[in-house]
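First comes the structure, then the notes that go with it.
The structure presented is a predicted model; accordingly, all values stated were derived computationally and were not measured.
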Amino acid sequence: RVISYYNMGYKYVWTIAAFVCVFMGLTSSQTQPSGDQQCSDMSSLVSVDYEVYGNVQGVFFRAYTEEQADRLGLVGWVRNTRRGTVEGVVQGQRELVQQMKQWLEFTGSPMSRIDRATFRNERDISKLEFDRFKITH
């Protein structure tokens, strides 16, 4: 796998891998070694809105969310709401967004208590709508 061989940010590795797939004309119908992502999956971008409920304000949830998104090479934003929740948008490669959804629902910041997370408006996108992941107000 490309990621296992390079110590680079995920965002750049996935971009390079997607380019190589297009350049070489690879498709998802071609057989690949077990454990590797198929080229069509690497170029599949998604966007999803989320809201996290529980004790998620005042416990560094936004900062940890930004850090986790950066680790995964995702873009979007996160903010506190007046309802006492945290909400945002996350965009990136389908598998990495799925990992982020799991993190938002079950992990969060060390001092947080997540009661539930909701995800809506999940959609395929042709390009990223943000240039990085950031905390907004």
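Applying the salt bridge (Lys or Arg N to Asp or Glu O under 4.0 Å) definition to pairs two or more places apart or across chains, those involving residues 48-62 are E51-R83.
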Run the side chain to side chain contact (heavy atoms under 4.5 Å, CB included) check on V48 and V89 step by step: do they pass?
CA-CA 6 Å; V48 66; V89 173; over 6 Å; no

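At a threshold of 4.0 Å, the pair K101-E122 counts as salt-bridged, since one of the basic side-chain nitrogens sits closer than that to a carboxylate oxygen. Using a 4.0 Å cut-off between charged nitrogen and carboxylate oxygen, R94 and D124 count as a salt-bridge pair. Ion pair K134/E66 not flagged as a salt bridge, since none of the NZ, NE, NH1 or NH2 atoms sits closer than 4.0 Å to an Asp/Glu carboxylate oxygen.
The shortest distance between side-chain heavy atoms of Y50 and E87 does not fall below 4.5 Å. Proximity of W77 to F133: side-chain heavy atoms (C-beta onward) are nowhere separated by under 4.5 Å. In this structure the side chain of Y64 reaches within 4.5 angstrom of the side chain of P110, judged on heavy atoms. Inter-residue side-chain proximity for T136 and V78 is flagged as unmet; no heavy-atom pair is nearer than 4.5 Å. The shortest side-chain heavy-atom distance between H137 and R79 does not fall under the 4.5 Å cut-off. Residues F61 and I114 have side chains in contact (heavy-atom distance under 4.5 Å, counting atoms from C-beta outward). Looking only at side-chain heavy atoms (C-beta outward), L104 and F119 come within less than 4.5 Å of each other. In this structure, V59 and S112 have side chains that are in contact, with non-hydrogen atoms separated by less than 4.5 Å.
Across every non-hydrogen atom of S47 and I125, the tightest pair is CB-CG2, 4.0 Å. In terms of heavy-atom proximity, T85 sits nearest to Q57 at O-NE2, 2.7 Å.
Note that OG1 of T118 is 9.5 Å distant from CD of E105, once rounded to the nearest 0.5 Å. Once rounded to the nearest 0.5 Å, the distance linking OG1 of T65 with CG of L74 reads 11.5 Å. Note that CZ of R71 is 8.5 Å distant from CH2 of W103, once rounded to the nearest 0.5 Å.
Q99 is linked by a side-chain hydrogen bond (donor to acceptor under 3.5 Å, both in side chains) to nothing, counting only residues two or more places apart in sequence or in another chain.
Note on Y53 and V56: separate hydrophobic clusters, where clusters join Ile, Leu, Val, Met, Phe, Trp and Tyr whose side-chain heavy atoms are under 4.5 Å apart, directly or indirectly.
More than 12 heavy atoms of other residues, nucleotides or ligands lie within 6.0 Å of CZ in F130, so this atom counts as buried by the packing criterion.
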